[in-house]
Amino acid sequence: MSISEDTLAIREVIENWALWRDAGDWDRFASVWHEDGWMTATWFQGPAEQFIKVSREGFERGVNILHFLGGFTCDVAGNRAISQTKMTINQRAMVDGLEVDVVCVGRFYDFLEKRNDRWAIVRRQPIYEKDRMDPVEPSRRLMLDVTVLAKFPEGYRHLAYLQSKNGFTVKGNLPGLRGQVVETLYAEGRDWLAGSTKPGTPL
C-alpha cells in the first residue's frame, strides 16, 4: 500500500520539529506550527509562539534538551490528522553537583490541520512512558532523594527530578502509558478527527 501525500507531508512536519528545534533554527521551527498552536511539556504549557521564545532563551543559555524520533503512525480525516511518533527526550544537566543524562521514552501525540494547503501542528501532547538517569562519568555514584523522586509520575519522574533541580516548574499528571489521562487524550484525538471545534483541552 502506498503512503499518501498527506501522510508524507505530516511526517515531514514531525521530523522538522525535532531537527529545527534541536539545531536552534528558530525561524524554520516556527513554520511547523499553526498560529494558534499549543505545546505541552513537563516544563512548559502554552502557545507555540511562547514555547519558541523560551526554547530559544534556554538554548542560548546552554540548556541541553535533544530529541530522537522513531516509529510513526498517522490517521487522516479530510484536513484533520492525529499522528503518534515514538521519541526519546535526552537532557543533560547538573544534579547535586554531578553531571547526568536523563533519557525519557515516549510518544509525541499531535493534533494537525491542513490550512491553505499546509499541514502544521495545532496541539502537541507528549506521552511519557518510562525514563532513567545516569551519571555522564560512569565511575561516579548517583544518589537521588527518593522522597522527591516519588512525587513525580512514573513515566517521567527522573526527567522531572532533573528539571526541578535546575529551576523548572514541572507539571504533574501528564499522560503516561496507561491510565485515565492518556485515555482522555485518545478520546480527544478521535473527536478531533470527527470534526470537534477544538483539539481537546490542552494540559
Report yes if some heavy atom in the side chain of [X] is under 4.5 Å from a heavy atom in the side chain of [Y]; otherwise report no.
| X | Y | result |
| --- | --- | --- |
| Leu69 | Phe108 | yes |
| Trp20 | Ser31 | yes |
| Pro175 | Leu203 | yes |
| Lys86 | Val105 | yes |
| Glu129 | Arg107 | yes |
| Arg190 | Leu193 | no |
| Ile89 | Ile65 | yes |

What's the separation between atom [atom1] in [X] and atom [atom2] in [Y], rounded to the nearest 0.5 Å?
| X | Y | atom1 | atom2 | result |
| --- | --- | --- | --- | --- |
| Met39 | Gln50 | CE | CD | 13.5 Å |
| Arg80 | Asp75 | CZ | CG | 14.0 Å |
| Asn64 | Glu99 | CG | CD | 8.5 Å |
| Trp119 | Ile14 | CH2 | CD1 | 11.0 Å |
| Met87 | Tyr128 | CE | OH | 6.0 Å |
| Lys130 | Cys104 | NZ | SG | 10.5 Å |

Please find the pair of heavy atoms, one from [X] and one from [Y], that lie closest to each other, and give the distance.
| X | Y | value |
| --- | --- | --- |
| Leu159 | Asp131 | N-OD2, 2.7 Å |
| Val76 | Cys74 | CG2-SG, 3.8 Å |
| Arg11 | Thr85 | NH1-CG2, 3.6 Å |
| Asn173 | Pro153 | N-CG, 3.8 Å |
| Val32 | Trp17 | CG2-CD1, 3.6 Å |

Review point. Are Lys53 and Glu57 within salt-bridge range, i.e. N to O under 4.0 Å?
Key: yes
Show which side-chain atoms of residues 160-168 pair as donor or acceptor with protein atoms under 3.5 Å away, not counting sequence neighbours.
from   : atom 1 : to     : atom 2 : distance (Å)
Tyr161 : OH     : Asp145 : N      : 2.9
Gln163 : OE1    : Thr42  : OG1    : 2.6
Gln163 : NE2    : Thr42  : OG1    : 3.4
Gln163 : NE2    : Gln91  : OE1    : 3.0
Ser164 : OG     : Ala160 : O      : 3.0
Ser164 : OG     : Tyr161 : O      : 2.9
Lys165 : NZ     : Asp96  : OD1    : 3.1
Asn166 : ND2    : Met94  : O      : 3.0
Asn166 : ND2    : Leu162 : O      : 2.8

Exercise for review: Apply salt bridge (charged side-chain N to carboxylate O under 4.0 Å, His left out) to Glu154 and Arg178, showing your working.
Suggested key: CA-CA 11 Å; Glu154 180 180 3; Arg178 303 175 183 86; over 6 Å; no
Check your understanding: Using a distance-only test with no angle check, is there a side-chain donor-acceptor pair under 3.5 angstrom linking Gln180 and Thr184?
Key -> yes
Check your understanding: When Phe51 is tested against each of Trp38, Trp26, Phe44 for ring pair (Phe, Tyr, Trp, His ring centres under 6.0 Å), which residue passes?
Key -> Phe44
Practice item. Treat each ILVMFWY residue as a node, draw an edge where side-chain heavy atoms are under 4.5 Å apart, and state whether Leu174 and Ile127 are in one component. Key: no
Check your understanding: How are the rings of Trp192 and Phe111 set relative to one another: parallel (under 30°), tilted (30 to 60°) or perpendicular (over 60°)?
Key -> perpendicular
**Study point:** Identified side-chain hydrogen bond (donor to acceptor under 3.5 Å, both in side chains) partner of Asp110 from the options Arg124, Gln125, Arg123, Gln84
**Key:** Arg124
